[in-house]
Protein chains: 2
Amino acid sequence: MAIQANPWLRKTPELKIEMNLDENLDSEPESSLVDPNTHMESFRQTRHNRRTELIEDYVELIADLIEDGGEARQVDIAQRLGVAQPTVAKMLKRLATDGYIQQRRYRGVFLTDIGMQLAERSRERHHIVESFLCAIGISVETARIDAEGIEHHVSPETLEAFKRFVARGGSSL
Amino acid sequence: MAIQANPWLRKTPELKIEMNLDENLDSEPESSLVDPNTHMESFRQTRHNRRTELIEDYVELIADLIEDGGEARQVDIAQRLGVAQPTVAKMLKRLATDGYIQQRRYRGVFLTDIGMQLAERSRERHHIVESFLCAIGISVETARIDAEGIEHHVSPETLEAFKRFVARGGSSL
DNA sequence: CTGGAAGAATAGCTGTGGCTATACAAGCGA
DNA sequence: TCGCTTGTATAGCCACAGCTATTCTTCCAG
Ligand SMILES: [Mn+2]
Ligand SMILES: [Mn+2]
Ligand SMILES: [Mn+2]
Ligand SMILES: [Mn+2]
């Protein structure tokens with residue numbers, strides 16, 4: 001239930017990663033290749049992000065639909081995601097047991113406080129990423145598509161950098 | 001077998017997306033929210049990218065290990081990915097039937113031509129993404145982690161922009 | 001040359017995210 | 001009110017990515 005222990009979503013991104021201390025201490029030239037543990041941490045974080053992607057996209061989409069038309073129905077969610085309705089039904093059940101949403105049958109789905117918080121964070125992050133891509137000269141169509149995937153893998157640090165970049169008017173300034 | 005029909009990996013990124021033609025033709029203010037079909041396309045592309053992530057990471061890692069130490073053993077792959085050895089064994093079987101690698105038992109795994117090509121593309125893309133993040137001021141640790149996830153969702157257009165940005169010396173120029 | 005360590009494979013489990021087909025419930029128009 | 005359309009829920013399937021525990025195989029050291 002709920003997204004657990006992810007430094008990416010914490011306010012305090014400590015990110016204690018043991019650095020590659022014995023780098024270049026060997027006599028062998030050995031090519032690049034970072035320390036195994038460091039390497040592992042990257043993959044672990046990426047796998048974690050992947051597990052939360054869907055949840056984030058769902059609550060964000062639900063928030064959008066509610067704001068746009070006052071309600072979020074399974075059929076509309078399914079249409080926008082490009083998946084079948086039962087797929088949405090199953091996922092919504094998961095989101096409900098995880099406490100993100102509340103389902104009122106035949107009356108659409110609504111976000112809980114937790115759900116709204118996650119939606120808001122996701123929405124803002126999504127927007128920053130998309131704006132950033134546009135700011136570096138990507139076309140709006142491509143920016144929209146790329147942002148949909150990239151957003152879930154952007155750490156707070158990177159998000160801040162994106163935000164600053166956009167605020168300063170992009171590369172042209 | 002092999003990665004099929006993905007505009008992201010084609011040399012000609014046509015990307016025919018029907019635009020939201022009836023945007024703002026209604027009388028209702030209706031908030032933002034892009035056209036449903038356009039929205040769907042983003043999610044579809046993202047789902048496609050997700051299915052190829054693992055394959056890309058594996059062949060890239062295998063290439064790195066071979067270059068670094070002359071061989072890629074299951075245990076080493078498992079260690080660097082942070083997963084169990086049987087997980088790697090199963091995935092390697094898939095990669096073999098898909099024609100990316102060739103397994104010589106107790107002698108490590110080797111890339112086919114197809115595998116090497118994919119590894120090379122992935123490696124270059126990964127490097128560009130990571131360099132780009134560093135160029136906009138992200139710390140090397142965070143850049144490494146974020147790039148591991150972001151790389152798989154970067155379209156050719158965005159990759160080109162990243163490359164140009166890095167080549168021009170980042171935001172300081 | 002042989003026994004044990006290390007590498008690889010297999011079996012069997014879980015959870016997730018898709019799908020189709022089908023059944024059930026609401027609600028609205030005639 | 002009745003029935004049809006639409007929206008939801010369920011059942012049952014598949015593929016994938018992870019896990020532990022166990023069983024081969026190799027290979028090398030003594
Ligand atoms: Mn999003
Ligand atoms: Mn997304
Ligand atoms: Mn990579
Ligand atoms: Mn990666």
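In the text below, chain A, chain B and the rest are named by the order of the sequence lines, each starting its count at 1. Source: prediction; values computed, not measured.
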Worksheet item: For A/Val88, which of A/Ile77, A/Val109, A/Leu95 qualifies under side-chain contact (heavy atoms from CB on, under 4.5 Å)?
Response: A/Ile77

Discussion item. Categorize B/Arg104 for me: base, sugar-phosphate, or nothing, with a 4.0 angstrom heavy-atom threshold over every strand shown.
Written reply: nothing

Fill in: d(CD1, A/Ile77; P, D/dT8) in whole Å
9 Å

Worksheet item: Looking at A/Glu141 and A/Arg144, does any basic side-chain N land under 4.0 Å from a carboxylate oxygen?
Response: no

Worksheet item: Base, backbone or nothing for each nucleotide of nucleotides 19-30 of chain D, written B, S, -, heavy atoms under 4.0 angstrom, 5' to 3'?
Response: BBB--BBSS---

Item to complete: Mind calculating the distance between CZ (B/Arg50) and C1' (D/dG18) to the nearest angstrom?
Response: 16 Å

Worksheet entry | Exam field: side chain A/Asn49 to backbone A/His153, donor-acceptor pair closer than 3.5 Å | no

Worksheet item: Looking at B/Lys93, does any N or O in its side chain come under 4.0 Å of the phosphate oxygens OP1/OP2 on C/dT10?
Response: yes

Discussion item. Please determine whether a side-chain nitrogen or oxygen atom of B/Arg73 lies at a distance below 4.0 Å from atom OP1 or OP2 of C/dA8.
Written reply: yes

Fill in: Minimum-distance nucleotide to B/Leu54 side chain [options: D/dT8, C/dG18, D/dG18]
D/dG18

Worksheet item: Atom CZ of B/Arg51 to atom P of D/dC14: distance rounded to whole Å?
Response: 19 Å

Worksheet item: Rounded to the Å, how far apart are A/Leu92 CG and D/dG7 C1'?
Response: 13 Å

Worksheet item: Nearest-Å distance, CG (A/Leu95) to P (C/dG15)?
Response: 17 Å

Practice prompt. Measure from CD on A/Glu71 to P on C/dG27 and round the result to the nearest Å.
Written response: 12 Å

Response to the item:
Between CD of B/Glu53 and P of D/dC16 the distance, given in whole Å, is 15 Å

Worksheet item: Are A/Arg125 and A/His152 side-chain neighbours, meaning at least one heavy-atom pair lies under 4.5 Å?
Response: yes

Practice prompt. Could you tell me whether the side chain of B/Arg47 and the main chain of A/Gly82 form a donor-acceptor pair under 3.5 Å?
Written response: yes

Worksheet entry | Listed once per pair and sorted, the side chain to side chain donor-acceptor pair (under 3.5 Å) pairs that draw on residues 72-92 of chain B, sequence neighbours left out | A/His39-B/Arg80, B/Glu71-B/Arg73, B/Gln74-B/Gln85

Worksheet item: Checking A/Glu157 side chain against B/Thr142 main chain: does a donor-acceptor pair fall under 3.5 Å?
Response: no

Fill in: Rounded distance (Å) that lies between atom C1' of C/dA8 and atom CD of B/Gln79
17 Å

